[in-house]
Amino acid sequence: MNMMSTSLDIERIREQFPILHQEVNGKPLVYFDNAATTQKPTVVISALENYYKGINSNIHRGAHALADQATTAFEATRLSIKDFINAKEVEEVIFTKGTTDGINLIAATFGRAFIGEGDEIVVSTMEHHSNIVPWQMLCEEKGAQLKVIPLNAKGELLMEEYEALLSEKTKLVAVVHASNALGTVNPISEIISNAHAVGAKVLVDGAQSCSHLDIDVQALDVDFFVSSAHKIYGPTGMGFLYGKRQLLEEMPPYQGGGEMIKTVSFEGTTYNEIPYKFEAGTPNIADVIAFNEAIHWISQVGKEAIRAHENELLAYAHEKLSAIDGVIFYGEAEDKVAVVSFGIQGVHPFDIGMMLDARGIAVRTGHHCTQPLMQFFGIEGTVRASFSVYNTKEEIDKLAEGVAKIARMMA
Ligand code: PMP
């Protein structure tokens, strides 16, 4: 864990997030639900307003000035994402509704075309439901099999067991980069090279990693990478899928409609080039354009500085909460993003969430869309506090105070 102290001026950063400056239940808001969605800086909020006030227009086919401006701004985001994840070519970046949509796209296209009876798909015990259910649906349709990488008690993947699962039957390995429920950062480089050694492709779910970790899809040699803008200080309703050019070109289209075609006739239709082949219909223009501001924002602040600050918060939260009798942690991996998942002996996570909410502290409780992971730990759910660049140690003090009070009250 990086314990380097940070040079970031957190007060100045907080000023850029208008939502943080309010009271909830009569107390200053403490927002610790960042793994569910991050808050948005003013530049992102203003970009949405500016788009609708200034250049709202449908893109690509317009022969007028506003359409040109909207198209240019829209495509500028694609270029920024390419740089953000270090893709080789801008055409390898496909806009989606988010991580879930990206995974479903791969299941419906790559999956339907290249996975058949007797083939195997490998996922891990800690996957979000969105990286389990599409594969179960595909397996059911195709007669393929889902294999699951087990974990140790700290919430880390058992890599030897993973390697033992791989064979020439494995067609796809679909794993999360950083777990939303535990914070575990998985060794994806090793996962990818092991999968490639048996000829399998790899999809990485980057929903939780992009706002904390540097992503280099070329260095990773990953085949598919998906994420959601709303987890990276951007708007809801949009995300992106990266895929290697050759794979995207070989894959059949996803949805049919406008934009994804070259020519349409009743005798036969020809499809557009990538990325448009996978972008049927009018896209989420405003949110795509606003996401560019989020990427600029995060790049300006710098991921290294963000990570240093978040790691400091993570270590501090762990120290504070572990001093409280009755607190149990779930997920104590060596390598983690800023997520603390915990419970209090004898208290339902939902009750903890309610009592913290009364103190203005927003955490998430429940299974975090990872029911198989909860089954692994033999619990119904956890309380999850997830930190972002705008959070402070003072806020963690409030969380620890609240948790200590609940633990005492319920003892
Ligand atoms: N995977 C992970 C690890 C997540 O944390 C989430 C969101 N909680 C998703 C997938 C799904 O993302 P979205 O709801 O934005 O599609």
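Quick note: residue numbers are just sequence positions, from 1. One-based numbering, in listed order, for ligands and for the atoms of each.
Among the candidates Phe240, Phe74, Tyr276, the single residue satisfying the ring pair (Phe, Tyr, Trp, His ring centres under 6.0 Å) test with Phe95 is Phe74.
By heavy-atom distance, the residue among His128, Met238, His230 lying nearest atom 4 (C) of ligand 1 is His128.
Listed by number with element, the atoms of ligand 1 under 4.0 Å from a non-hydrogen atom of Val176 are 3 (C). Set against the non-hydrogen atoms of Ser228, the atoms of ligand 1 under 4.0 Å away are 12 (O), 13 (P), 15 (O), 16 (O).
Residue, atom and distance of the protein heavy atom nearest to atom 10 (C) of ligand 1 are Ser130 OG, 3.2 Å. Lys231 NZ, 2.5 Å is the protein heavy atom nearest to atom 7 (C) of ligand 1. Nearest protein neighbour of atom 16 (O) of ligand 1, counting heavy atoms only, is Thr100 OG1, 2.5 Å. Protein heavy atom nearest atom 1 (N) of ligand 1, with residue, atom name and distance: Asp205 OD2, 2.5 Å. The nearest protein atom to atom 5 (O) of ligand 1, hydrogens excluded, is given as Gln208 NE2, 2.7 Å; this is a heavy-atom distance.
Looking at Thr71, its side chain does come within 3.5 Å of a backbone N or O of His60 through a donor-acceptor pair. The backbone N or O of Tyr390 sits less than 3.5 Å from a side-chain atom of Arg14, completing a donor-acceptor pair.
Remark: aromatic rings of Trp297 and Phe17 are close, center separation under 6.0 Å. When ring centroids are compared, Phe110 and Phe224 come within the 6.0 Å threshold. A distance below 6.0 Å separates the ring centres of His367 and His129.
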